[in-house]
2 protein chains.
Amino acid sequence: MAKNTASSPRREQSLTRERIIEESIALLDSSGESGLTFRALAERLATGAGAIYWHIANKNDLLATACAEMVTRALQATAQQASPQDSIRAVALGLFDTIDAHPWVGSALTRAPLQSPTVHILEKLGQQVRAMGVPPQRQFAVVSALLSYILGVSVQNAANAQIGRALGGDRAALLDEVAGAWEQLDAGQFPFTRDMGAQLRAHDDRADFLAGVDLILSGIVSAPL
Amino acid sequence: MAKNTASSPRREQSLTRERIIEESIALLDSSGESGLTFRALAERLATGAGAIYWHIANKNDLLATACAEMVTRALQATAQQASPQDSIRAVALGLFDTIDAHPWVGSALTRAPLQSPTVHILEKLGQQVRAMGVPPQRQFAVVSALLSYILGVSVQNAANAQIGRALGGDRAALLDEVAGAWEQLDAGQFPFTRDMGAQLRAHDDRADFLAGVDLILSGIVSAPL
DNA sequence: ACCTGAACACCGTTCAAGT
DNA sequence: ACCTGAACACCGTTCAAGT
């Protein structure tokens with residue numbers, strides 16, 4: 001990483017697939033998904049837009065590779081825990097936080113399911129589900145539910161945060177606005193939602209996410225089928 | 001719906017917000033999300049692209065309104081069931097099937113959370129969660145988990161189906177290919193995924209989705225916290 | 001009040017031409 | 001082998017001009 005020797009002629013920094021991905025991640029983090037354009041990327045790399053195509057197949061390839069890199073980092077960061085349940089919680093939170101910090105990772109995962117990043121997550125979850133003693137014929141459905149929940153909620157949470165940022169960025173004020181609207185809904189048609197204003201204002205997305213994971217974990221243990 | 005009388009001058013079919021949304025839905029269903037362009041829509045409506053902007057704020061408005069229409073239809077179609085659990089399953093399946101048949105509804109829901117369509121779903125789920133006897137202070141987190149799971153999995157399932165279609169359309173062949181790749185993974189690094197090939201080949205997305213809903217429902221009943 | 005359609009400022013991707 | 005940058009075929013959105 002500190003080495004600067006290029007392959008053949010000594011150049012300041014030659015255009016490599018790695019450097020393109022690196023700058024793509026920086027661009028995605030700073031300007032979001034819509035900020036990643038070949039023109040903007042070419043400018044950052046001090047080259048022409050067409051040059052990128054020598055190393056990268058297309059925009060999808062660019063996004064998928066950047067996403068795989070982030071998921072690898074996230075999974076490497078989750079240490080082994082005391083119980084399988086705790087390991088599952090750690091993986092879940094690691095992904096939640098990564099996708100929260102890099103919302104574009106979420107959309108990339110949605111766009112390329114069952115690819116390498118997802119398989120790594122599946123494996124990590126599967127090993128813990130086995131350790132919990134779930135019978136073999138139920139393992140696929142159980143892991144599938146966990147994976148879907150984790151990715152689904154993380155992606156939606158990140159999308160919410162992005163929308164919040166686009167709408168001004170004051171989370172408390174935005175929540176308060178929605179909560180206020182809920183409280184003024186028609187009592188006959190929306191008896192439930194009307195009463196949820198206070199809980200919406202006070203809620204913590206990360207805690208609710210974890211509560212959902214726990215709900216599934218205790219469903220696995222109580223095993224209805 | 002059969003009436004053809006326009007507002008003031010008798011015209012074949014005047015340009016209305018309703019007609020624009022109707023044609024947008026048709027276009028989205030036939031050509032997918034990328035098929036909805038102002039130019040294609042204008043052609044279908046036999047007008048200019050700019051004319052649409054008189055009735056619709058922008059593309060987001062177009063997609064959000066079309067999405068709201070579809071969710072309303074989906075919720076109206078779910079009849080009252082014997083138990084709260086069954087009602088929740090019916091709502092879940094209704095949304096799963098709608099989003100499966102109209103994948104663009106999924107992306108629109110993700111893009112506009114806590115808007116009118118989501119609130120209607122929240123209300124329907126919330127009433128059943130109350131009927132199940134969940135204590136008030138847990139209701140928000142429980143409904144939130146259910147809603148997240150249902151939307152998250154449905155959206156991902158629809159995305160998968162779209163990708164499958166783009167890749168040739170033969171679901172069995174595609175699954176078989178992925179399953180085959182799983183079975184050849186390194187035994188040391190992927191002991192779990194390696195064994196899941198058969199279950200992946202045999203699995204039913206809709207059944208797995210419902211199994212996940214049941215997992216959450218039994219987690220709610222066994223109530224760890 | 002509503003519609004037209006050209007114009008603007010963008011995209012991803014391709015490709016002849018260079019080194 | 002790799003890079004350049006103009007060109008192509010698109011976008012969403014705006015807006016002067018029409019009726």
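The sequence lines fix the lettering, A, B, ..., with proteins before strands; numbering per chain opens at 1.
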**OP:** Let me see the working for L114(B) and V119(B) under side-chain contact (heavy atoms from CB on, under 4.5 Å), right down to the final yes or no.
**Re:** CA-CA 6 Å; L114(B) 297 186; V119(B) 171; 5.6 Å; no

Original post:
Would you say the side chain of W104(A) lies within less than 4.5 Å of the side chain of L36(A), judging by non-hydrogen atoms?
Top reply: no

**OP:** Kindly say whether L75(A) contributes a backbone atom to a donor-acceptor pair with the side chain of T78(A) at under 3.5 angstrom?
**Re:** yes

**OP:** Run the numbers on R111(B) and E33(B) for salt bridge (charged side-chain N to carboxylate O under 4.0 Å, His left out), then give the verdict.
**Re:** CA-CA 13 Å; R111(B) 212 162 317 167; E33(B) 224 179 320; 2.7 Å; yes

Original post:
Is the closest basic N to carboxylate O distance between E69(A) and R73(A) below 4.0 Å?
Top reply: yes

**OP:** With a 3.5 angstrom cut-off on both distances, give the Watson-Crick or G-U wobble partner of dC15(C), or none if there isn't one.
**Re:** dG5(D)

Original post:
Just how far, in rounded Å, is C1' of dC11(D) from CD1 of I52(B)?
Top reply: 14 Å

Original post:
Once you round it to whole Å, what is the distance between P of dG12(D) and CG of L27(B)?
Top reply: 11 Å

**OP:** Identify, residue by residue, the members of residues 53-65 of chain A with a heavy atom below 4.0 Å from DNA chain D, and return them in order of residue number, or none.
**Re:** W54(A), H55(A)

**OP:** Give me the ring orientation class for Y149(B) and F209(B): parallel if the planes are under 30° apart, tilted from 30 to 60°, perpendicular past 60°.
**Re:** parallel

Subject >> Full working for side-chain contact (heavy atoms from CB on, under 4.5 Å) between R206(A) and L93(A) >> reply: CA-CA 8 Å; R206(A) 200 167 181 270; L93(A) 283 180; 3.9 Å; yes

**OP:** Can you tell me the pairing partner of dC10(C) across any strand shown, Watson-Crick or G-U wobble, with both distances under 3.5 angstrom?
**Re:** none

**OP:** Measure the spacing between CD1 of I99(B) and CD of Q156(B) and express it to the nearest 0.5 Å.
**Re:** 12.0 Å

Subject >> Nucleic acid contacts of residues 33-46 of chain B, taken as heavy-atom distances under 4.0 Å to DNA chain C >> reply: R39(B)

